[in-house]
Asker: 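Structure incoming, see below.
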Amino acid sequence: MLSQAAILVTALLFGGMVLYSFGFASFLFSALPADVAGPLLRRAFPHFYIFVMVCALGGAALTATTDRASALILGLIAVTALLARQILMPAINGATDMGNRARFGILHTGSVLVTLAHIVGSSAVILRLSA
């Protein structure tokens with residue numbers, strides 16, 4: 001039963017990250033002017049990271065006794081999401097506010113890579129748990 005719940009929680013994590021990253025963010029910039037979409041996305045990101053942390057920690061708790069590797073992966077996702085929320089996101093916002101496009105580009109690329117790593121990690125957990 002715990003394994004099934006862990007698969008569902010991790011699938012929610014995976015699906016939420018994919019939808020937010022490739023659906024919501026892209027949609028905002030295609031549907032709204034950049035000067036409106038940017039601030040809206042900035043307001044949404046803290047909530048996104050909380051979602052990632054809660055789902056990852058929930059999945060880690062559910063897998064802690066049955067699959068330590070999955071628990072470790074999900075725990076790492078939660079920790080790196082916290083770091084992204086508390087350190088990387090404010091740095092990205094600061095670069096945007098200062099008009100420093102080069103710094104923004106580097107930091108944004110870093111945040112994209114972190115999210116892609118989270119997506120890959122959560123998919124690995126889903127595959128491990130469903131095998």
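Here the structure is a predicted model, which means the values were calculated and not measured.
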Asker: Not counting sequence neighbours, which residues clear side-chain hydrogen bond (donor to acceptor under 3.5 Å, both in side chains) with Ser21? List them please.
Answerer: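 So Ser21 forms no side-chain hydrogen bond (donor to acceptor under 3.5 Å, both in side chains) with any residue.
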Asker: Kindly compute the distance separating CG (Leu8) from CG (Leu13), expressed to the nearest 0.5 Å.
Answerer: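 That separation rounds to 12.5 Å.
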Asker: Quick check on the 6.0 Å ring-centre criterion: do Tyr49 and Tyr20 meet it?
Answerer: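 So the answer is no for these two rings.
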Asker: Please examine the side chains of Thr10 and Arg128, heavy atoms only from C-beta on, and report whether any two atoms are closer than 4.5 Å.
Answerer: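 Of all side-chain heavy-atom pairs linking Thr10 with Arg128, none is under 4.5 Å.
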Asker: Answer yes or no: is there a donor N or O on one side and an acceptor on the other, between the side chain of Ser30 and the main chain of Phe27, under 3.5 Å?
Answerer: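 Yes; at least one donor-acceptor contact below 3.5 Å.
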Asker: Show the nearest heavy-atom pair for residues Ala60 and Gly75, with the distance to one decimal.
Answerer: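 Residues Ala60 and Gly75, closest heavy atoms: CB-N, 4.1 Å.
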Asker: Please check this pair: side chain of Ser122 against backbone of Ile119, looking for a donor-acceptor N/O pair closer than 3.5 Å.
Answerer: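 The answer is yes, because a donor-acceptor pair under 3.5 Å joins these two groups.
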Asker: Do Arg85 and Val52 come close enough that some side-chain heavy atom pair is under 4.5 Å?
Answerer: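 With C-beta onward as the side chain, the pair stays apart.
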Asker: Do the side chains of Leu12 and Met17 join up, straight or via other hydrophobic residues, at under 4.5 Å, putting them in one cluster?
Answerer: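 Yes; tracing contacts between hydrophobic side chains, which count when under 4.5 Å, links both residues.
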Asker: Parallel, tilted or perpendicular for Phe45 and Phe48, by the 30°/60° rule?
Answerer: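 If you compare the ring of Phe45 with that of Phe48, the planes turn out perpendicular.
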Asker: Taking the side chain as every heavy atom from C-beta outward, state whether Thr109 and Ile106 have any pair of such atoms under 4.5 Å apart.
Answerer: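 Side-chain contact under 4.5 Å: no.
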Asker: Between Gly121 and Ile77, which heavy-atom pair has the shortest distance, and what is it?
Answerer: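 Of all heavy-atom pairs spanning Gly121 and Ile77, the closest is C-CD1, 4.1 Å.
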